[in-house]
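Single-structure report; data block below.
What you see is a predicted model; the values in this text were computed from it and never measured.
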2 protein chains.
Amino acid sequence: MQTTPSFSPLYSQIKALILRSLQAGEWKPAEAIPSEMDLAVRYNVSQGTVRKAIDELAAENLLIRRQGKGTFVATHSARQVQTRFLRLAPDSTGADENNPGSDTYAENGKNILVDRTITTCSRERATKDIAKALQLKTGDPVVYIQRVLAYRDGKGQSIPTILEDIWLAGNSFKGLNLERLAESKAPMYAMFEAEFGVNMVRASEKIRAVNPTPEQAKLLKVKLDEPLLRVERIAYTYNDTPIEVRTGLYRTASRHYKNDLQ
Amino acid sequence: MQTTPSFSPLYSQIKALILRSLQAGEWKPAEAIPSEMDLAVRYNVSQGTVRKAIDELAAENLLIRRQGKGTFVATHSARQVQTRFLRLAPDSTGADENNPGSDTYAENGKNILVDRTITTCSRERATKDIAKALQLKTGDPVVYIQRVLAYRDGKGQSIPTILEDIWLAGNSFKGLNLERLAESKAPMYAMFEAEFGVNMVRASEKIRAVNPTPEQAKLLKVKLDEPLLRVERIAYTYNDTPIEVRTGLYRTASRHYKNDLQ
DNA sequence: CAGTGGTCTAGACCACCAA
DNA sequence: TGGTGGTCTAGACCACTGC
C-alpha cells in the first residue's frame, strides 16, 4: 500500500482501488459493496481510512451510503435520481412543486406524464467534432439518436418540449438499435446501465439561447422565432471517459433550467 | 454541549456555533478563524469533531482551508473566485481557455477586459414579486440597480454582453447609491462584503431563453429577434437569508453558460 | 439481536508554511 | 523551528435496519 509518486495519501490510493473495482464491474449499480470493515481487511488499512475513501466517492455520487444497510453503487434506476442530469423543471404552478421528478416517469405504464418519441436511431461514423468530444478518431463508429420528449399539461395535452440529438461511442453500445430503444420504458441512462453496463457518472453542459432550424421547429412544433435553450452536454463514465454527446433544445415557456450555485 | 432535539451530532452543533460567529461578524471575510485546537478547547470537544464541522463549512465554500497557514473566511475579493456566481464563459477560442476569470477584472486599473456601466441606481419599494423573493413585505425598501457589462474582444472592441436588473434588500444596504457604486472598481459582491458586511454565500438560478424588450435591446445593442439567456438569480447570505434578486440577460453568441453536473 | 454505517475521542506522525 | 492543517490508527459507543 505504498509506491507514492511525490505524495498520495493512503485513503486516496484506496479510493482509486475501489474505483477500479467499480469500473471493472466487480460491484454493479444498485448492489451493495463490502462493508467498511471488510474493505479495511482487504486493503489492510484501518476502517477510518476506508471510510474517508468512501466519503469522497459518496460526495461524487458514485456511491450511496445508507445507515444500517450498507454502501451501494449509484444507479440511474432509483426513482429519486431518474432525472439526475435533466435540469429542466416545471415553473412552480403550485401543482407538484415539492415533488421533484414526479412529472417524468410514472410507477406503472399507465399514468405516464412524458411521451418519448424516437425519430432516428442509426449507426454512423463520427464527424470531427463528435470524435473530438468523445476522444475518438474521425470516422469511428457512433450511434446517433434523435428523440422528442413531450410533457402532459394539466389537461392531458401532450406538449413537445425537448428535442435531443445524441451521439454515443459505438463500441460501448453494440447491439443498440431502434427496437431496443423503443421497447425500453426506463429512462435512457437507466437502460444504458442495465443493458450495456455503461454508468453515467458526471456531465458538463454548455448553454446558449438560439432559434430553431426549420427542421427542429417542425419536430418541436414551435415557430421559427421562438427562443430556445440549447444545451450541449458531454457525459462521462468512470475515469472521466466521455461516452455521450447530447445536444438538447428546450422550450422554456412553462419550464426553466434550474441551477444552484455554491 | 447537548440539548439535543431528537438527535443532532456534536460536530453539527459545533458547525452551527461557528456559523453563528461568522454571521455575527466575529471573523471577517479573508480573515483566519482560530486554529482547530483552539476551537476544540473553546467548545470543549476533540479536534476531530471541530475538524468535521469545518470540513462541512469548507465543502459549502463558507471557509477555505490552507494547509500550514490556517482556515479562512471565504471572500469574493480573492482573485480566483471573483466570478464565483457568474457562469458565463467565453467559447474556447484557444486564447485563455485554461485561465478562468482572466477576462473579467485585471490586476491594475489599466488592462480591464470588462466595462461596467451603471444605468440606474435608485431606492424603491418592493413589488409583490420582489418582496416575496426577498422575504419582505410589499412596499418594503429596496435598492434597484441596472447595469450593462461589456467585454473587450480580441481587437479591443467593447461588446455589451450582459444586462442586469438587481434588487437588494434595502435595510442591509443603507447608504448605497450611484456614486459609491460607480467608484468601486471591485466586483459587486466583493464591494458588498467590504462596505456593507454582506457576504453572498449561495444562490439559485432559473434560466430561460427569451427575446429582449425594445428597451433591453437598446441597452445591449442587439436586434429584437436575438435569442438571449434570461437568468433569474436569488442570492443568499448566511442562514439562507435571501438578500438579492438579480435578473441577467446574457448574449450567447460567443459565450456560453457553463454547468457541471454530478 | 447482529450487522451496518455514523460519531467521538486521543494520540502519533506527516506535509506545508512562515519567520 | 513552531504552528497549522492533513493523515492514520485503534477503540468505544451510538443510531438505524432487518431478521
Side-chain angles (χ1 to χ4, degrees), chain A residues 1-19 21-22 27 30-75 78 80, chain B residues 1-19 21-22 27 30-75 78 80:
Chain A
M1 224 42 49
Q2 55 283 345
T3 322
T4 325
S6 96
F7 173 66
S8 167
L10 237 194
Y11 72 84
S12 160
Q13 301 173 43
I14 303 301
K15 182 182 170 186
L17 290 175
I18 295 175
L19 208 38
S21 291
L22 285 171
W27 311 304
E31 285 180 11
I33 70 173
S35 76
E36 294 178 354
M37 277 308 297
D38 287 353
L39 288 173
V41 171
R42 166 166 168 176
Y43 298 128
N44 194 29
V45 297
S46 78
Q47 189 210 8
T49 301
V50 169
R51 190 168 183 73
K52 177 132 188 178
I54 293 179
D55 275 346
E56 291 204 349
L57 292 168
E60 294 166 20
N61 292 315
L62 299 195
L63 296 176
I64 312 285
R65 320 192 71 144
R66 278 184 242 167
Q67 182 172 154
K69 303 181 76 172
T71 300
F72 300 78
V73 182
T75 174
Q80 324 141 323
Chain B
M1 223 41 50
Q2 54 281 347
T3 322
T4 325
S6 97
F7 174 66
S8 166
L10 237 195
Y11 73 82
S12 160
Q13 301 173 43
I14 304 301
K15 182 182 170 186
L17 290 176
I18 296 176
L19 210 38
S21 290
L22 284 171
W27 313 304
E31 285 181 11
I33 71 172
S35 75
E36 294 178 354
M37 277 308 297
D38 287 353
L39 289 173
V41 171
R42 166 165 167 177
Y43 298 128
N44 195 28
V45 298
S46 79
Q47 189 210 7
T49 301
V50 169
R51 190 169 182 72
K52 178 133 189 178
I54 293 179
D55 276 346
E56 291 203 350
L57 292 168
E60 293 166 20
N61 293 315
L62 300 195
L63 296 177
I64 311 286
R65 319 192 72 143
R66 279 186 243 166
Q67 182 172 156
K69 302 181 76 172
T71 301
F72 300 78
V73 181
T75 174
Q80 324 141 324

Next on the checklist: If you take any heavy atom closer than 4.0 Å to DNA chain D, which residues from residues 55-74 of chain A end up in contact?
Outcome noted: Gln67(A), Gly68(A), Lys69(A)

Checklist entry - Reading DNA chain C 5' to 3', which nucleotide is the first, and which the last, to come under 4.0 Å of any heavy atom in chain B? => result dT7(C) to dA18(C)

Checklist outcome for this item: Taken in chain and number order and not counting sequence neighbours, the residues that satisfy side chain to side chain donor-acceptor pair (under 3.5 Å) with Asn61(A) are none

Next on the checklist: Quick check for you: to the nearest 0.5 Å, what is the distance between Gln47(B) atom CD and Ser35(B) atom OG?
Outcome noted: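 Answer rounded to 0.5 Å: 8.0 Å.
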
Next on the checklist: Any non-hydrogen side-chain atom of Tyr11(A) less than 4.5 Å from a side-chain atom of Glu56(A)?
Outcome noted: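 Yes, their side chains come closer than 4.5 Å.
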
Closest approach of [X] to [Y] (non-hydrogen atoms, all atoms of both residues):
X        : Y        : value
Val73(B) : Leu63(B) : CA-CD2, 4.0 Å
Asp38(A) : Pro34(A) : CB-CB, 4.0 Å
Trp27(B) : Ile33(B) : CE3-CG2, 3.7 Å

Item to check | Arg65(A) charged N/C atom sitting above Phe72(A) aromatic ring, 6.0 Å / 45° | outcome: no

Checklist entry - Toward the 5' end of DNA chain C, which comes first, Ser12(B) or Ser35(A), by nearest nucleotide? => result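 Mapping each residue to its closest nucleotide by heavy atoms, the 5'-most match is Ser35(A).
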
Next on the checklist: The test is salt bridge (Lys or Arg N to Asp or Glu O under 4.0 Å); show your working for Lys15(A) and Glu60(A) and say whether it passes.
Outcome noted: CA-CA 12 Å; Lys15(A) 182 182 170 186; Glu60(A) 294 166 20; 2.8 Å; yes

Item to check | Value in whole Å for how far the C1' atom of dC14(D) lies from CG of Leu10(B) | outcome: 12 Å

